[in-house]
Amino acid sequence: MKKSVFLGTLAASALMAGFASAGTLDDVKARGELICGSNTGLTGFGAPDANNNWTGFDVDLCRAIGAAVLGDPSKVKFVPTTGETRFTALASGEVDLLVRNSTWTYSRDTDLKLDFVGVNYYDGQGFMVKKDLGILSAKELDGATVCIQTGTTTELNLADFFKSNNISYTPVTVADDAEAQRQYMAGACDAFTTDASGLAATRATLPDPDSHIILPEIISKEPLGPVVRHGDNQWGDVVRWTLNALLTAEEKGVTKANAEEMASSSTDPEVRRLLGVEGDMGAMTGLDKDAFKRAIMANGNYGEIFAANIGESTPIGLARGLNELWTNGGLQYSPPFR
Amino acid sequence: MAYVADAPKENFRLSMLIYDTRYRSITIQVIVLILALLFVGWLADNTIKNLAAKDKDINFSFLWNRAGYDIGQQLIPYTNDSTHSRAAVVGLLNTLVVAFFGCIFATILGVFAGVLRLSNNWIVSRIMTVYVETFRNVPLLLWIILSFTILSEVTPPPNAFRVTDEMIASGQAPAASMLLNESVAITNRGSDIPWPLLERPLGGADMAGVPINYAVVVSLLLLAASFYVARRNSQRARKTQEETGERPVVWWQNLLVVVLPVAAFLAWRGFHLEYPELKGFNFRGGLSIAHSFTALLIALSLYTGAFIAEAVRAGILAISKGQTEAAYALGIRPGRTMRLVVLPQALRVIIPPLISQYLNLTKNTTLGMAISYLDLKGTLGGITLNQTGRELECMMLMMAIYLILSLIISSLMNAFNASVKLKER
């Protein structure tokens, strides 16, 4: 009896925790800390270094939001989540938002009661194999053993791809990237499949990156973006417009270094609104007027964050591709700040 | 004349529920029951309300939607077009097969280790002590990961078995070769073993999604009939022995009766073995057993075997030494003393802890998720839960299934226990 009372209290308090976080923005302000659901460790996107400082493309977006809401990019706590636990962690209120290369799909947006508020990386699923297998196309993978991360869209895409090409495979389902990498390196699977960006990140951390190739087929659309709980529109707006602010900043040439100077010297009305000199854009989402300027100054604009973490000068070496601004032929497009 | 009136019949008053010891215990039990029911009701109500606040409901209809994912090891046909409920059944069967073989191996191992730990041979008993203590005192998860790592790291990849034309020309042997007369291949992914096939199969039927192979059914029926005849033959021999004192030799008759009909039937249908062959990335043909299964089975058997060994040892020690001495005095050899005198009596002490070890083993199969073994936890409680987002439903269903499974195992074992326990007349 004693035990069941204890368990019941636990269950009840877990439910209460979910209930109490109806206004996430107020909760974050009151707590003085933003809790960001992150990857368990994907180099370039979100991984802790030896001193437990989190770095990466997704991590920098969290820091920008932290800077916008709390005024300090260091007041962000990162909670590692696996493909399996991430949405439960978000739904239960354990994290305030999820920036963890999660694909925006219809059923996740509706049935899982989540809201994807934007796309910070347009991706697609690919395959990585060892070069000495002599394979040049994913369609040659008939009969292969393939490592996949469980709880992901890639799992379903993989089944669909092999089915539509009428070839067979043996799945090896693993919990996270590290385990997938270990199995792939040990030769327990012939191919490793995940988002192409994740493959590039994994390949960069392998002992001999040149002996592995990423096959040319991209078998799916994987728009990756930040996720918040459904129904908390104000918090969704904060996250959505912080991401848009970073994109607008790149479009208008506002960088980490010149944001302060642009605020005083720029005559472009949109830049002035973005940086809080004109109008009071921040107040409309419950923030102060310098919020977006702080977000940009945390780690720079979208292009700077991209270049610093996963761009062509880093070991991961991803080209901008679809993630180029719309003005340069890409898909990244922010609605206007007006 | 003394006249004793009947004691006045006391009328029932409400206060008696508390102050009268006749009623008090009932009062307390009723109050506790009401409180417990209220608490459960509050918990359910709270859950439903909170789910409603998130626009969620409790709905099991997802079980009939297309699953969309593939499962490596499947005992019944399954594709990614099958439903989530079928994926759950595939997972449940994977749980059951590893639990079934695990219980058998752990029992065999446990009985041997338990008996040998009491051996008079110092080295043998010490080796068994080391085995029992190391396996009992290290978490099972580590054993599972260790055995999986060993299996997948020390074995060669499938392409090490490949023989190319250049290698034949230069007379070079491949890096790895198949075992047992080219019939078994152990790669870093799994073990490929030959599989029996019939050239002229009898066909089969589909019963509620489970394929029934008529050849297997016929073979089993033949075997059952043969065993019945063999048994009658043995009974006849015993009867002759009781009447005349001389036992006719029947073992070869029994052997022929059991083996011949099935062998004849299989030969008639063209029995042969299909050997695994390296084709493309992996071996094909034959039966492929993934290392995740083997590693889980090995670790579960070794771990649970250590606990069973202790139960067996305790059971043997519980039997009075006089029993052994009496058996020796009658000239029975030590091995037979153990088998015929001590173990049957020790069984009464061993079975109750054995039940809980079987239950533990069955529940511990869920740890297979650490090495990507897709059991019930991996399908229903893993991928299905994730892809549908129905956490509560999947968890409740899974708990119900494991509960039913455990209750079935313990009731079977309790029935066995009742049949061997000391019968007092």
Side-chain angles (χ1 to χ4, degrees), chain A residues 1 4-5 8 11-12 14-16 18-19 22 83-88 91-92 107-108 111-114 132-133 135 140-148 150-153 155-160 162-163 168-175 179 182-183 186-191 229-231, chain B residues 32 36 39-40 42-43 46-47 49-51 53-56 62 66-73 79-81 148-149 151-153 155-160 187-190 279-284 288 290-292 369-374 378-379 381-383 385-391:
Chain A
M1 189 63 215
S4 65
V5 169
L15 288 170
M16 291 305 202
F19 215 47
E84 258 187 311
T85 60
R86 53 186 165 175
F87 298 126
T88 317
S92 68
S107 61
R108 284 177 180 176
D111 196 32
L112 290 191
K113 305 298 170 199
L114 305 172
D132 55 23
L133 277 182
I135 285 187
E140 295 170 36
L141 284 172
D142 190 15
T145 306
V146 183
C147 280
I148 10 160
T150 185
T152 58
T153 49
E155 201 162 46
L156 307 180
N157 296 333
L158 180 73
D160 290 351
F162 275 84
K163 192 180 155 207
S168 67
Y169 73 105
T170 310
V172 174
T173 41
V174 296
E179 174 65 9
R182 199 193 66 72
Q183 297 242 19
C189 36
D190 299 301
R229 280 181 290 277
H230 181 75
Chain B
V32 169
F39 179 73
V40 171
W42 172 77
L43 215 64
N46 196 351
T47 309
K49 270 189 190 150
N50 277 292
L51 283 176
K54 288 183 190 161
D55 275 341
K56 285 188 169 184
F62 69 92
R66 178 178 179 261
Y69 60 89
D70 287 297
I71 301 175
Q73 176 187 323
T79 66
N80 54 45
D81 285 330
F148 182 68
T149 313
L151 278 176
S152 59
E153 302 272 343
T155 46
N159 57 20
T187 69
N188 59 357
R189 288 155 198 189
K279 273 186 193 152
F281 295 96
N282 285 309
F283 280 90
R284 298 214 187 160
S288 183
H291 278 333
S292 52
M369 68 183 293
I371 52 169
S372 318
Y373 184 70
L374 284 184
T379 56
I383 304 179
L385 182 152
N386 249 292
Q387 300 293 2
T388 59
R390 298 272 170 193
E391 295 98 347

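Below, read A as the first sequence line, B as the second, and so on, with proteins coming before strands; counting in each chain starts at 1. Quantities reported herein were computed from a predicted structural model and do not represent experimental measurements.
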**OP:** Quick one: which of B:Glu391, B:Met369, B:Gln387 has the most heavy-atom pairs under 4.5 Å with chain A, could you say?
**Re:** B:Gln387

**OP:** With a 4.5 angstrom heavy-atom cut-off, could you sort out which part of A:Arg182 is near chain B: side chain, backbone, both or neither?
**Re:** side chain

**OP:** Considering only NZ, NE, NH1 and NH2 on the basic side and carboxylate oxygens on the acidic side, decide whether B:Arg189 and A:Asp190 come within less than 4.0 Å.
**Re:** yes

Original post:
Does a side-chain heavy-atom distance below 4.5 Å link B:Thr155 with B:His291?
Top reply: yes

Subject >> Part of B:Ala67 within contact of chain A (heavy atom distance under 4.5 Å) >> reply: backbone

Original post:
Tell me, do A:Tyr169 and A:Thr145 make a side-chain contact under 4.5 Å, heavy atoms counted?
Top reply: no

**OP:** Let me know if B:Thr388 has heavy atoms under 4.5 Å from chain A in its side chain, its backbone, both or neither.
**Re:** backbone

**OP:** Return the option, out of B:Ser372, B:Gly389, B:Pro158, with the maximum number of heavy-atom pairs under 4.5 Å with chain A.
**Re:** B:Ser372

**OP:** Would you mind checking which part of A:Glu140 comes under 4.5 Å of any heavy atom in chain B, side chain (CB onward), backbone (N, CA, C, O), both or neither?
**Re:** backbone

Subject >> Results of side chain to side chain contact (heavy atoms under 4.5 Å, CB included) for A:Asp160 - residues two or more places apart only >> reply: B:Arg66

Original post:
Can you tell me if A:Thr173 uses its side chain to pair, donor with acceptor, with the backbone of A:Ile148 under 3.5 Å?
Top reply: no

Original post:
What part of B:Phe148 gets closer than 4.5 Å to chain A, counting heavy atoms only: side chain, backbone, both or neither?
Top reply: side chain

Original post:
Roughly how far, to the nearest 0.5 Å, is the CD atom of B:Gln73 from the OG1 atom of A:Thr170?
Top reply: 12.0 Å

**OP:** Considering only heavy atoms and a distance below 4.5 Å, find which of A:Val174, A:Leu158, A:Thr153, A:Asp142 pairs most often with chain B.
**Re:** A:Asp142

Original post:
Which residues satisfy the salt bridge (charged side-chain N to carboxylate O under 4.0 Å, His left out) test with B:Arg390, sequence neighbours excluded?
Top reply: A:Asp111, B:Asp57, B:Glu393

Original post:
Is chain B contacted by the side chain of A:Phe162, its backbone, both, or neither, given a heavy-atom distance below 4.5 Å?
Top reply: neither

**OP:** Output the option from A:Ser107, A:Gly187, A:Cys189 having the highest count of non-hydrogen pairs under 4.5 Å with chain B.
**Re:** A:Gly187

Original post:
Is chain B contacted by the side chain of A:Ile135, its backbone, both, or neither, given a heavy-atom distance below 4.5 Å?
Top reply: side chain

